[in-house]
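One structure is given below, encoded as structure tokens.
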2 protein chains.
Amino acid sequence: MSANLQQQLQHRGHRLTKQRQAILAILSHTPQSVAMIRHTLHEQGFHFDKTTIYRNLHSLVQHGLVLATKLQDDGLYYELASHHHHHHVQCQNCGRIEDIELDEHALLQNAAAHSTFAIKQHQLEFFGICPQCQS
Amino acid sequence: MSANLQQQLQHRGHRLTKQRQAILAILSHTPQSVAMIRHTLHEQGFHFDKTTIYRNLHSLVQHGLVLATKLQDDGLYYELASHHHHHHVQCQNCGRIEDIELDEHALLQNAAAHSTFAIKQHQLEFFGICPQCQS
DNA sequence: GACTTATTGCAACTAAGTTGCAATAATATC
DNA sequence: GATATTATTGCAACTTAGTTGCAATAAGTC
Ligand SMILES: [Mn+2]
Ligand SMILES: [Mn+2]
Ligand SMILES: [Zn+2]
Ligand SMILES: [Zn+2]
């Protein structure tokens, strides 16, 4: 767990419980579902209550340390927020998820040019076949 | 209900029940949640079981007559599939949803240029403030 | 009208996520 | 280190959208 992240947590009055640390240790820049996170925690020998996991994810999102994304299935996927804004591609065959960094400026102009709304945010995910599954 | 739609249904062995007709009559090109659809049905004096509504929406999506979209909240939003591919903007203030037709070619090139996946589909929704809510 | 079978309604169920609360433990203060 | 404060945890009970099995109903066909 980065010193920076730890600072941010404590600065906000968050405590460094072993639950929160374990959860943060599992999160990465690849979005993971709650089921995946819980599964990994179990593999590592942790047996936290689901309530604890949900509450931690929510508060981390609330405080901007973690991002929640919707993908194809139900529920949310969580990833560390420490990267700059980007999107994802998910393999329709194996489920692998990868970051994809678009030309955001082009995207936003494209949108602004076709709507009268003052656009504040967007949600964009791609689906396809990853290199491994192509061959 | 368009003659074309009716044809498609019967061609696929679907029956024109009053339930299915009422549901289709409510659907438009603006995505609606199941709650909204059920609410309108009630207003119109129909009291179909929720099972019937879910099953109809699912089979209509399955057969390509209806599109299901994810927006900000949980659950899916349904709209008629008879338009060409497009996206939506949802007002963060009043909830109003509008179609938005992007330059899809530019979007897909933007994506292809930044990923090694063979991209097959995408999911893109915008959120902002509608003209009415701006003033 | 009689026949076939897609569709409906109902009741029971499932499971993800939430809530209230008393017990616990991380931090601050001395 | 001991003490006080309160964020956080675990548990049990609950909520609620959506699903499933099945017998009754009603489209569509001849
Ligand atoms: Mn990412
Ligand atoms: Mn639309
Ligand atoms: Zn793959
Ligand atoms: Zn509005």
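Computed from a predicted model, the values in this text were never measured in an experiment. Chain letters run A, B, ... following the sequence lines, proteins first and then strands; every chain starts at 1. Only this structure's heavy atoms are used, side chains among them; waters, hydrogens and symmetry mates stay out.
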Q: Assign each of B/Ala35 and B/His14 to its nearest nucleotide of DNA chain D by heavy atoms, then name whichever residue's nucleotide is nearer the 5' end.
A: B/Ala35

Q.
Side chain of B/Thr17 only, heavy atoms from C-beta on: which candidate in C/dT27, C/dT7, C/dC10 is closest?
A. C/dT7

Q | side-chain N/O B/His58 vs D/dT19 OP1/OP2, d < 4.0 Å | A | yes

**Q.** Nearest-Å distance for atom pair CD1/P, residues A/Ile53 and D/dT8
**A.** 16 Å

Q) Does B/Thr52 place a side-chain N or O at less than 4.0 Å from the phosphate oxygens OP1/OP2 of C/dG9? A) yes

**Q.** Whole-Å distance separating the CZ atom of A/Phe46 from the C1' atom of D/dT9
**A.** 15 Å

Q) D/dG10 phosphate, OP1 or OP2: any side-chain N/O from A/Gln19 under 4.0 angstrom? A) yes

(Q) Is the distance from the ring center of B/His83 to that of B/His85 below 6.0 Å? (A) no

**Q.** Base D/dT8 paired with A/Arg20 side chain (donor-acceptor, <3.5 Å)
**A.** no

Q) Any idea which of C/dT18, D/dG28, D/dG18 is nearest the B/Gln10 side chain? A) D/dG28

Q. Do the ring planes of A/Tyr54 and A/His58 sit parallel (below 30°), tilted (30 to 60°) or perpendicular (above 60°)?
A. tilted

Q: Determine, using ring centers only, whether B/His14 and B/His63 are less than 6.0 Å apart.
A: yes

Q.
Let's see if you can work this out: which of C/dC10, D/dG18, C/dT27 has an atom nearest to the side-chain heavy atoms of B/Lys50?
A. D/dG18

Q) When the distance from CZ of B/Arg15 to P of C/dT7 is rounded to whole Å, what number comes out? A) 6 Å

Q: Decide yes or no, distance alone: a donor-acceptor N/O pair under 3.5 angstrom between the base of D/dG10 and the side-chain of A/Arg55.
A: yes

Q | Within 6.0 Å of CD in B/Gln62, more than 12 heavy atoms from elsewhere | A | no

